[in-house]
Amino acid sequence: MTEIENIGFTRFINQPIDFEVISIAELYERCRQSNFDISISHRIQFHALIIVTEGKGVHNVDFNELILSPGVIIPLVKNQVNFFQKEPTVKGYVISFKESFIIDNIGEKDLFHFLHLFNTKSLFVGEENIPSLIPFVELLKSMQESSNQNLKSDFAKNIFLSLLIQIKRFTIYQHEVFESKRFKDFIQFKQLLNIHFRDSHDAKFYAKKMFVSYKYLNKICKELGNVTAKAFIDSWLLLEIKRNLSEKKYTNQEIAFKVGFQEPSNFIRFFKRYEGVTPSKFVKQFE
């Protein structure tokens with residue numbers, strides 16, 4: 001397995017605002033000119049939205065292969081490991097932005113729509129609904145090419161949020177409509193886990209941080225994540241371990257400490273319980 005590269009927002013993007021929309025074909029060409037192999041695993045340090053309009057293919061996100069076809073939309077979030085196919089087999093668009101671009105000075109309702117969509121692995125709007133999304137994308141491209149910098153960031157944010165709401169309109173039947181407070185509490189749990197997973201693997205620790213009962217935390221995890229709070233924490237740890245292993249920068253002992261295991265032996269047992277192999281063997285199967 002080749003060492004994973006961390007890709008910052010400005011690695012391939014040169015825009016006056018923290019936002020860009022390009023076609024998938026343009027992305028491949030840009031990476032080719034920069035001698036960057038887009039088919040090799042890389043960790044992104046920004047958010048992105050892949051919109052597929054034509055063709056069929058696959059995209060790998062955090063060790064899961066997602067099927068691409070017209071109407072499929074893939075939300076990517078900061079720190080995810082992903083890679084494209086070697087050659088483009090689909091057409092569409094990639095919208096990239098820093099997290100601060102969207103969450104700073106945003107209304108609660110719009111933030112809810114954003115979090116809802118970007119906490120979903122993949123979305124399907126249907127090929128028949130693609131024409132309803134294109135005007136938003138074209139408006140974003142036109143805005144991006146404009147030399148008028150006055151309120152450019154605000155304009156881009158409003159158009160993009162409108163695009164997200166349109167996407168949600170077409171995908172709402174795919175999801176249960178969760179009560180707003182429970183959903184926001186679930187997101188808060190995920191955010192706290194992202195910050196404190198090195199400190200504690202105990203669900204009661206996070207319930208206390210949220211000022212809720214363990215029973216309530218377990219309930220929202222079962223409702224929105226289809227697993228218990230403990231199982232959700234374990235799956236989070238497992239993914240973070242895989243990300244660290246794939247980077248080939250750290251020993252097992254270093255990774256164990258990075259993810260909050262005091263004893264490397266407990267770390268190895270934890271990983272083997274879920275993956276069936278030791279961390280060392282897991283890395284070798286990708287070489």
Side-chain angles (χ1 to χ4, degrees), residues 47-50 58-69 71-82 109 111-126 164-165 167-246 259-261 269-277 282:
H47 289 6
L49 193 71
I50 302 172
V58 295
H59 187 75
N60 193 287
V61 181
D62 278 337
F63 314 100
N64 292 311
E65 189 172 87
L66 304 178
I67 304 300
L68 303 180
S69 63
V72 168
I73 297 176
I74 309 294
L76 299 175
V77 297
K78 182 179 177 180
N79 288 324
Q80 282 191 312
V81 172
N82 78 113
K109 188 173 290 186
L111 180 61
F112 178 77
H113 292 316
F114 168 75
L115 291 173
H116 199 178
L117 292 181
F118 274 81
N119 279 276
T120 307
K121 286 185 179 179
S122 67
L123 304 157
F124 183 66
V125 299
L164 293 183
I165 291 170
I167 291 170
K168 191 171 181 180
R169 287 182 62 226
F170 294 135
T171 62
I172 198 70
Y173 66 90
Q174 300 175 37
H175 313 284
E176 292 183 57
V177 181
F178 299 114
E179 188 267 321
S180 178
K181 185 183 185 308
R182 295 200 305 278
F183 180 76
K184 285 189 286 188
D185 286 342
F186 182 61
I187 297 300
Q188 183 190 9
F189 169 52
K190 293 174 72 172
Q191 291 171 336
L192 286 170
L193 184 55
N194 190 41
I195 297 169
H196 295 290
F197 67 87
R198 298 173 186 85
D199 304 322
S200 179
H201 303 162
D202 186 352
K204 292 179 180 178
F205 169 88
Y206 295 97
K208 187 175 181 179
K209 285 277 184 185
M210 296 169 63
F211 301 101
V212 300
S213 68
Y214 167 74
K215 183 178 179 180
Y216 173 77
L217 178 59
N218 216 36
K219 181 180 179 181
I220 62 173
C221 284
K222 287 179 180 178
E223 182 181 346
L224 282 80
N226 297 314
V227 292
T228 64
K230 176 65 168 65
F232 189 89
I233 293 170
D234 285 352
S235 65
W236 184 284
L237 290 172
L238 190 64
L239 177 56
E240 191 61 27
I241 291 167
K242 287 180 178 179
R243 288 171 172 172
N244 278 277
L245 286 170
S246 65
V259 298
F261 285 90
R269 278 197 295 272
F270 172 85
F271 189 85
K272 190 173 182 179
R273 182 165 79 246
Y274 288 102
E275 288 298 309
V277 295
F282 174 80

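These values consider heavy atoms only, across backbone and side chains, with no hydrogens, waters or symmetry-generated copies.
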Which heavy atom of Pro75 sits nearest to which heavy atom of Ser122, and what is that distance?
CD-CA, 4.1 Å
Can you find a heavy atom in the side chain of Met210 that is under 4.5 Å from one in the side chain of Asp185?
yes
How about NZ on Lys219, more than 12 heavy atoms from neighbouring residues, nucleotides or ligands closer than 6.0 Å, or not?
no
Within the 4.5 Å heavy-atom criterion, are Val259 and Phe197 side-chain neighbours or not?
yes
Under the side-chain contact (heavy atoms from CB on, under 4.5 Å) criterion, do Leu192 and Phe205 qualify, and how do the steps go?
CA-CA 10 Å; Leu192 286 170; Phe205 169 88; over 6 Å; no
Drop me the distance from Leu193's CG to Arg198's CZ, to the nearest 0.5 angstrom.
10.5 Å
Between CZ on residue Phe63 and CD on residue Gln80, distance to nearest 0.5 Å
11.0 Å
What is the distance from atom CG of Leu49 to atom CD1 of Ile74, rounded to the nearest 0.5 Å?
9.0 Å
Which heavy-atom pair separates Arg182 from Leu224 by the least distance, and what is that distance?
O-CD2, 4.3 Å
Using the side-chain contact (heavy atoms from CB on, under 4.5 Å) rule, take Asn119 and Phe186 through it: C-alpha gap first, then chi angles, then the decisive distance, then the call.
CA-CA 10 Å; Asn119 279 276; Phe186 182 61; over 6 Å; no
Could you tell me whether the side chain of Asn82 and the main chain of Asn60 form a donor-acceptor pair under 3.5 Å?
no
Side chains of Lys230 and His201: closer than 4.5 Å at any heavy-atom pair?
no
With ring centroids as reference points, do Phe232 and Tyr206 lie under 6.0 angstrom apart?
no
Ile50 side chain near Leu76 side chain, heavy-atom distance below 4.5 Å:
yes
First locate atom CD of Gln191, then atom NZ of Lys209, and finally report the distance between them rounded to the nearest 0.5 Å.
14.0 Å
List the atom of Leu117, the atom of Thr171, and the distance in Å for their closest heavy-atom pair.
CD2-OG1, 4.3 Å
Can you tell if the side chain of Val72 reaches within under 4.5 Å of the side chain of Leu66, non-hydrogen atoms only?
no
Measure across Ser69 and Phe124 and return the closest heavy-atom pair with its distance rounded to 0.1 Å.
OG-CE1, 4.5 Å
Report the C-alpha distance between Val212 and Ile220 in whole Å, list the side-chain angles of each, state the deciding distance to 0.1 Å, and finish with yes or no for side-chain contact (heavy atoms from CB on, under 4.5 Å).
CA-CA 11 Å; Val212 300; Ile220 62 173; over 6 Å; no
Applying side-chain contact (heavy atoms from CB on, under 4.5 Å), run through Thr228 and Lys222 and close with a yes or a no.
CA-CA 5 Å; Thr228 64; Lys222 287 179 180 178; 3.7 Å; yes
Do Ile241 and Phe282 have side chains that get closer than 4.5 Å, going by heavy atoms?
no
In Å and rounded to the nearest 0.5 Å, what is the CG to CG distance from Asn244 to Leu239?
10.0 Å
Decide yes or no for Leu123 and Phe170: does some side-chain heavy atom of the first lie under 4.5 Å from some side-chain heavy atom of the second?
no
Does any non-hydrogen side-chain atom of Val58 lie less than 4.5 Å from one of Ile67?
yes
Any idea how Phe270 and Phe261 line up, ring-wise: parallel (<30°), tilted (30 to 60°), or perpendicular (>60°)?
tilted
Could you tell me the separation between the CZ atom of Phe189 and the CH2 atom of Trp236, rounded to the nearest 0.5 Å?
9.0 Å
